[in-house]
Amino acid sequence: MSTLHLYDSLTGELRPFEPIHAPHVGMYVCGPTVYSDVHLGNTRTFLSFDLLFRYLTHLGYKVRYVRNITDAGHLESDADSGEDKIAKKARLEQLEPMEIVQRYTVGFRAVMQAYNALPPSIEPTATGHIVEQIELIKKLLADGFAYEANGSVYFSIETYLKTYPYGELSGRSIEDLEAGTRDLDGQQDKRHPLDFALWKKASTEHIMRWPSPWSEGFPGWHLECSAMSTKYLGAEFDIHGGGMDLKFPHHECEIAQNKGATGHGGARFWLHANMLTLNGKRMAKSTGNTLDPRDLLAGNSPHLTKAYSPGAVRFFIHQAHYRSVLDFSDSALQAAEKGYYRLLSSLDVLRQRPKGGPAHGSWSVPEWNGRCSEAMNQDLNSPVLIAQLFDAAKAVAADQNDPAVLGSDGAATLLQLMETWMFDVLGLAPEPHSASGKYQKALDAAMSVVLDLRRKARESKDWSTSDALRDALAQGGIVVKDGAEGSSYRVE
RNA sequence: GGUCUCGUGGCCGAGAGGUUAGGCAAGGCUCUGCAAAAGCUUGUACAGCGGUUCGAAUCCGCUCGAGACCUCCA
């Protein structure tokens, strides 16, 4: 398989990816709801789609990547007494709703930046697209897919079913869905239990509200994505992504809204990133089973024994396939970190490789690169890509003893390709564990004095002195490595 | 209760009807004053029970276990 294939949740199969308007690719990803801090589970999803964005870009596509910010708040329930989550939190904390939205939006972006996720091309907010959402409701009403009841507007599943199937994405039948319907308050306005809100009339205590032809209220929870994806990517676009938990009902409703309004379901590929679990259970703010991505970098969590670098965390995440459930544990992260650092040092070896050997070695760099592409073309199989990187590291080690393995050109090409895969595609930022310039310089100078002292002690077989120096440095987090060409050090 | 997914060696995690995934850990070896680091190397795993097949971890059925969704949720 030499071209990119992606797993489409809608058809349930791996399909060759061909953009509608090559070389342009339109990609929409459901972003965060900014009423609380994002947790590591959220982060995994966005990093999964960052990987896709990076790989598509790597393949030469011009990608318009739209990821929304849900700042209008979702309903807690379909009940009239239900309130906007953002509004509720606002009262609890005595803050303006938009103040909360601002705080967590900024926090979200900081996390994304810390983990080296590229910013999307457009990051539209729901509150910034109330007009578009109202227009979309008008269209659905005009076409008969929606009805008004007491100032609220609902999408009619029964009407929709006359033209289109419902439940395709999640593979559910209407009967199953009806069987699973729960009795919720405020259903009396709905004609059918599966109908969902497009517009909700705001109760008196509801803070976030906008005028509309039907009532002063707020948009339903699926509407923004339909409105904004259509606005920026068109009625038909290439890829729609989101967390697995959004498959139903969110994406199902989105498709229904899209088809009702435009005749098209929206994206041709629906991609879903799987959950990150903690202690075998899904991360969720509500249960307290969460990990803050910033605590991970600081080492501040009862779940952690130490702090980790963003690169190590990303490496851990991409060592599992995005469609698999990944269970987080400190030990799993430590294992990933060790492997990651080994790859980084392999790059260092390659950078410092003396010119030598034939131009092209016995180990074929182009073939290796082909295997890397092959892995990513198989629905972004980053675990296999990483396995290939370790294969390359093995070749680099062999090349140290025999420069005919890589050859001079081969080594140069391999270095460039490894950096491309690791940094450009996998987004593993080069480790910043070197201090800023002047401190690094000072440390190097101090260390060369210390290592020189130790060298002299060793030469005179004064092992107690040399070992004492080594132990003392280790106490400060400096590991001394004795090699054939003298000693070097590394800060842990 | 309904729908669905998953169960891989000590741990994490790919793959997938017949050919070594990979990482971490562990054992052995090389190097070494010792250690660390690094390199080389070893391990034959696919929940259980049946079935299909020349052949199944990979397909089918059942059992057990775990998880997701059905309600805001990445």
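Reminder, nothing fancy here: chain letters follow the sequence lines and each chain counts from 1.
Among the protein residues, A:G41 comes within range of the nucleic acid bases, having at least one heavy atom under 4.0 Å from a base atom. Within the nucleic acid shown, A:A397 comes within 4.0 Å of sugar-phosphate atoms alone, with no base atom in reach, counting heavy atoms only. Residue contacts for A:A320: at a heavy-atom cut-off of 4.0 Å it reaches the sugar-phosphate backbone alone, with no base atom in range. Heavy atoms of A:K247 sit nowhere under 4.0 angstrom from any nucleic acid atom. If you check every strand for non-hydrogen atoms under 4.0 Å, A:L326 touches sugar and phosphate atoms only. At the heavy-atom level, A:K338 lies under 4.0 Å from the strands shown only through sugar-phosphate atoms. Across all strands, A:H272 comes closer than 4.0 Å to no nucleic acid atom at all (heavy-atom distances).
Comparing B:U41, B:A35, B:C72 against the side chain of A:Y35 picks out B:C72 as the nearest. Closest to the side chain of A:R342, from the set B:G22, B:C73, B:G39, is B:G39. Set against B:C40, B:C34, B:A74, the side chain of A:H39 has B:A74 as its closest nucleotide. Taking every side-chain heavy atom of A:Q319 into account, B:G22 is the closest of B:G22, B:A74, B:G33. Picking from B:C40, B:G33, B:C24 the nucleotide with the shortest atom distance to the side chain of A:S466 gives B:G33. Here the side chain of A:R172 is nearest to one of B:C40, B:G2, B:A74, namely B:G2. Comparing B:A74, B:G22, B:G33 by their nearest atom to the side chain of A:F390 picks out B:G22. When distances are taken from the side chain of A:A335 to each of B:A21, B:C34, B:C24, the shortest belongs to B:C24. Checking B:G33, B:A14, B:A74 against the side-chain heavy atoms of A:W463 singles out B:G33 as nearest.
Checking the phosphate oxygens (OP1, OP2) of B:A38, no side-chain nitrogen or oxygen of A:K481 falls inside 4.0 Å. Regarding contacts with the backbone of B:A14, a side-chain N or O of A:S324 is found under 4.0 angstrom from either OP1 or OP2. Between A:N381 and B:G15 there is a side-chain N or O to OP1 or OP2 distance below 4.0 Å. Regarding contacts with the backbone of B:G67, a side-chain N or O of A:K281 is found under 4.0 angstrom from either OP1 or OP2. Between A:T33 and B:A74 there is a side-chain N or O to OP1 or OP2 distance below 4.0 Å.
A salt bridge is defined here as a Lys NZ or Arg NE, NH1 or NH2 lying under 4.0 Å from an Asp or Glu carboxylate O, and A:D50 with A:R54 meets this definition. A salt bridge is defined here as a Lys NZ or Arg NE, NH1 or NH2 lying under 4.0 Å from an Asp or Glu carboxylate O, and A:K456 with A:D462 fails to meet this definition. Salt bridge present: A:E123 and A:R109 bring a charged side-chain N and a carboxylate O closer than 4.0 Å. For A:K306 and A:D330, the salt-bridge test fails: no basic side-chain N is under 4.0 Å from an acidic carboxylate O. The residues A:K200 and A:D189 are annotated as not salt-bridged, no charged nitrogen and carboxylate oxygen being separated by less than 4.0 angstrom. A salt bridge is absent between A:D391 and A:K394: the closest approach of a Lys/Arg side-chain nitrogen to an acidic carboxylate oxygen does not fall below 4.0 angstrom.
Under the Watson-Crick or G-U wobble criterion, with both distances below 3.5 Å, B:G33 is left unpaired in every strand shown. Judged by Watson-Crick or G-U wobble contacts below 3.5 Å, the nucleotide B:G55 has no partner. Under the Watson-Crick or G-U wobble criterion, with both distances below 3.5 Å, B:U5 is paired with B:A66. In this entry B:G17 has no Watson-Crick or G-U wobble partner, no candidate having both defining distances under 3.5 Å. Base pairing annotation: B:C72 forms no Watson-Crick or G-U wobble pair, as no partner gives both donor-acceptor distances under 3.5 Å. Summarising the base pairing, B:G43 is matched to no nucleotide, lacking a Watson-Crick or G-U wobble pair whose two defining distances lie under 3.5 Å. For B:C11, the paired nucleotide is B:G23, the pair qualifying as Watson-Crick or G-U wobble because both relevant distances are below 3.5 Å.
Atom CZ in A:R314 sits roughly 24 Å away from atom P in B:C12 (whole-Å rounding). Note: CD (A:E175) to P (B:G2) measures 15 Å, nearest angstrom. The interatomic distance linking A:D482 (CG) with B:C34 (C1') rounds to 10 Å, in whole Å. Distance, A:D471 CG to B:A35 C1': 9 Å, rounded to whole Å. Regarding A:I386, its CD1 atom lies at a distance of 15 Å from the C1' atom of B:G15, rounded to whole Å. If you take CG of A:D399 and C1' of B:G39, they are 13 Å apart, rounded to a whole angstrom. For the pair A:E252 CD and B:C4 P, the computed distance is 14 Å after rounding to whole Å. If you take CG of A:D391 and C1' of B:A14, they are 13 Å apart, rounded to a whole angstrom.
Comparing the C1' positions of B:G33 and B:C40 gives an interatomic distance of 23 Å, to the nearest angstrom. Taking atom P on both nucleotides, B:U44 is separated from B:U32 by 32 Å, rounded to a whole Å. Across B:G17 and B:U53, the matching C1' atoms stand 9 Å from one another, rounded to whole Å. Distance noted for atom P between B:G10 and B:U5: 28 Å (whole Å). Rounded to whole Å, the separation between the P atoms of B:G23 and B:A38 comes to 13 Å. One P atom belongs to B:A37, the other to B:A14, and the distance between them is 28 Å to the nearest Å. Atom C1' of B:A57 sits at a distance of 4 Å from the matching atom of B:C46, rounded to the whole Å. A gap of 10 Å separates the P atoms of B:G48 and B:U8, to the nearest Å.
Under 3.5 Å, the side chain of A:R323 and the base of B:C6 form no donor-acceptor pair of N or O atoms. Remark: the A:R470 side chain and the B:A35 base include a donor-acceptor N/O pair separated by less than 3.5 Å. Side-chain atoms of A:D467 stay outside donor-acceptor range of the base of B:A35, with no qualifying N/O pair under 3.5 Å.
The main-chain N or O of A:V384 is never found under 3.5 Å from a side-chain atom of A:Q378 such that the two would form a donor-acceptor pair. Of the possible polar contacts, none joining the A:S324 side chain to the A:A320 backbone as a donor-acceptor pair under 3.5 Å is found.
Using cut-offs of 30° and 60° for the angle between ring planes, the A:W270 and A:H272 rings count as parallel.
Here A:L350 contributes atom CG and A:Q400 contributes atom CD; the two are 9.5 Å apart, rounded to the nearest 0.5 Å.
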